[in-house]
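Remember, it's a predicted structure, so these values are computed and weren't measured experimentally.
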Amino acid sequence: MTSVLLIRGVDGCFKSCTAEGHAGFAPRGKDIVCAAETLLLRTAVQVLESIEGIDLSVDSSRRGFLSFSVNNLDSDVVAGNGASVERLRCAADFIGTGIQSLSEEYPDLVRLTERLG
């Protein structure tokens, strides 16, 4: 099973995400559930890395593990720079919606937990 923990701020903005484990739907290299999770999360990382004014840390140091988080925001983003804030909200929505959809289709293989932080 893959467990995904998504942390959002009280404003709905992305703060961090950690995914750990393997879905176990099929053998390595043929697991469509793992492939879907990986695509969703790697795309989210790429989008977050492109947002001006944020510092993103990414750890994929071992197989079956990905963790990424916003370390700090520059003052324009903190002050409510509309476009960057909306992109952070959208990133959290993208991850939450995508992983929840997989969890509903494969409830024994994917678990999403969302928290405010």
To the nearest 0.5 Å, what is the distance between CG (Leu102) and OG1 (Thr2)?
9.5 Å
Shortest non-hydrogen contact from Arg8 toward Gly12:
NH1-O, 3.6 Å
Going from CG on Asp55 to OG on Ser69, what distance comes out if it is rounded to the nearest 0.5 angstrom?
8.5 Å
Nearest heavy-atom approach of Val33 to Leu109 is CG2-CD1, 4.2 Å
So, applying side-chain contact (heavy atoms from CB on, under 4.5 Å) with Leu88, which one of Ile51, Asp93, Asp11 is it?
Ile51
Result block: side-chain N/O donor-acceptor pairs under 3.5 angstrom for residues 14-28, not counting sequence neighbours:
from	atom 1	to	atom 2	distance (Å)
Lys15	NZ	Gly117	O	2.8
Thr18	OG1	Ser67	OG	3.1
Glu20	OE2	Arg62	NH2	2.8

To the nearest 0.5 Å, what is the distance between CD1 (Ile95) and CG (Leu41)?
6.5 Å
Separation between CG of Leu48 and CD1 of Ile54, rounded to the nearest 0.5 Å:
5.0 Å
Taking all heavy atoms of Glu114 and all of Gly96, pick out the closest pair and write down the distance.
OE2-CA, 4.1 Å
With the 4.5 Å side-chain cut-off for hydrophobic clustering, are Phe65 and Ile7 part of the same group?
no
Working note: Val58 + Glu49, criterion side chain to side chain contact (heavy atoms under 4.5 Å, CB included); need CA distance, chi angles, decisive distance, verdict.
CA-CA 10 Å; Val58 181; Glu49 288 176 331; 4.0 Å; yes
Taking side chain as C-beta onward, heavy atoms only, is Cys13 less than 4.5 Å from Val85?
yes
Look at the side-chain heavy atoms of Ile, Leu, Val, Met, Phe, Trp and Tyr, link any pair under 4.5 Å apart, and say whether Tyr106 and Leu39 land in one connected group.
no
Please round to the nearest 0.5 Å and tell me the distance separating atom CZ of Arg42 and atom CG of Leu66.
8.0 Å
Is there a chain of hydrophobic side chains (I, L, V, M, F, W, Y, each step under 4.5 Å between heavy atoms) that links Phe94 to Val70?
yes
What are the two closest heavy atoms between Gln100 and Leu112, and how far apart are they?
OE1-CD2, 3.7 Å
Is there a path from Val45 to Ile99 through hydrophobic residues (I, L, V, M, F, W, Y) whose side chains come within less than 4.5 Å of each other?
yes
In terms of heavy-atom contacts, Val110 and Glu37 come closest through CG2-OE2, 2.9 Å
Supply the atom-to-atom distance Leu116 CG to Leu6 CG, rounded to the nearest 0.5 angstrom.
10.0 Å
Under 3.5 Å donor-acceptor, Ser50 side chain and Val47 backbone
yes
